[in-house]
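This report concerns only the one structure given below.
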Amino acid sequence: MLKVYHAPNTRSIRVLWLLEELGVPYDKETVEFNPAYLQSPKHLAIHPLGKVPAIDDEGLILNESGAIVQYILAKHAGSHLEPKLGTPAYGKYLQWLHFAEATVMPPIGQIVQHSFRKPKEERIPAVVDDAKATLAKLFKLLDHELEGRDYICGETFTAADIMLGYDLNLCKLIQVSFDEYPNLSAYFERLSARPAFKRATVK
Ligand SMILES: N[C@@H](CCC(=O)N[C@@H](CS)C(=O)NCC(=O)O)C(=O)O
């Protein structure tokens, strides 16, 4: 059975959420989210950078949450969670799916590092300020995109919403507010009300 290496509040939520939406059974191995464990030979054999998520699918080990999402969807081709392959709608969908990790996560990561994870003496407040300014631009763009639509690709929930929904969930956890963006706030309310999201975010 597909095994997912998970740590609470991390990007492995994307993988669990997708599997829950698809109704695909999986084994969840919750790992200790600290350097000693993540950099142990046992975990480095699963993720060479000592991170999560990772999956083990009958001996195929994969990391990178977006790639894992695309791999699982490809194994369940024709799933209701992505537009038909090769269509213009599929192109837009891929754009948002990658936007979530490649464009939105870097400033969130900087805030996490410079507000919580680095030792106090290494934290740089200006990095946090810059990252918040970048995020404000991204929130504005997303808010505009979500005007008059329920999901980032239109009226249908897709895996791009799972990728982005994780970003917004992390913003909530680290108290980076997007309350002043009404479409984005309503979007997150919609996503976080899904039973599959709730199951994926149980610790
Ligand atoms: N781009 C990678 C990023 C993976 C990543 O940075 N994971 C974080 C948790 S969300 C992690 O394991 N950090 C531990 C560390 O860097 O020590 C992905 O999407 O899977």
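Being a predicted model, the structure only gives us computed values, none of them experimental. Both counts, for ligands and for their atoms, begin at 1 and track the order of listing.
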(request) Starting from atom 10 (S) of ligand 1, locate the nearest protein heavy atom and write down its residue, its atom name and how far away it is, to 0.1 Å. (result) Arg11 NH1, 3.0 Å

(message) Tell me whether the NZ or CZ atom of Arg194 lies within the 45° cone about the ring axis of Phe157 and under 6.0 Å from its centre.
(response) yes

(message) Quick check: closest heavy atoms across Tyr151 and Tyr187, and the distance to 0.1 Å?
(response) CA-CE1, 3.9 Å

(message) If we set the cut-off at 4.0 Å for heavy atoms, which region of Glu101 has an atom near ligand 1: side chain, backbone, both, or neither?
(response) side chain

(message) Taking distance alone, with N or O pairs closer than 3.5 Å, would you say Phe33 contacts ligand 1?
(response) no

(request) Compare all side-chain heavy atoms of Val52 with those of Arg11 and state whether any distance is below 4.5 angstrom. (result) no

(message) I'd like to know whether Tyr71 forms a side-chain hydrogen bond (donor to acceptor under 3.5 Å, both in side chains) with Asp57, so could you lay out the CA-CA distance, the side-chain angles of the two residues, the decisive distance to 0.1 Å, and finally the verdict.
(response) CA-CA 10 Å; Tyr71 170 75; Asp57 187 20; 2.7 Å; yes

(message) Give the atom numbers and elements of ligand 1 that come within less than 4.0 Å of a heavy atom of Ser65.
(response) 18 (C), 19 (O), 20 (O)

(message) Here's one to test your reading of the geometry: is the NZ or CZ of Lys172 within 45 degrees of the ring axis of Phe178 and under 6.0 Å from its centre?
(response) yes

(request) Flag the pair His47 / Val31 as yes when at least one side-chain heavy-atom distance between them is below 4.5 Å, and no otherwise. (result) no

(message) Does Glu20 form a salt bridge (Lys or Arg N to Asp or Glu O under 4.0 Å) with Lys198? I'd like the steps, not just the answer.
(response) CA-CA 10 Å; Glu20 291 288 346; Lys198 290 187 179 155; over 6 Å; no

(message) Taking a cutoff of less than 4.0 Å between a non-hydrogen atom of the residue and any ligand atom, is Val52 in contact with ligand 1?
(response) yes

(request) Specify the protein heavy atom at minimum distance from atom 16 (O) of ligand 1: its residue, its atom name, and the distance to 0.1 Å. (result) Lys51 NZ, 3.1 Å

(request) Name the closest protein heavy atom to atom 15 (C) of ligand 1, giving the residue it belongs to and the distance to 0.1 Å. (result) Arg117 NH1, 3.8 Å

(request) Could you list the atoms of ligand 1 found under 4.0 angstrom from a heavy atom of Pro53? (result) 20 (O)

(message) Pairs of nitrogen or oxygen atoms closer than 3.5 Å, one from Tyr166 and one from ligand 1: do any exist?
(response) no

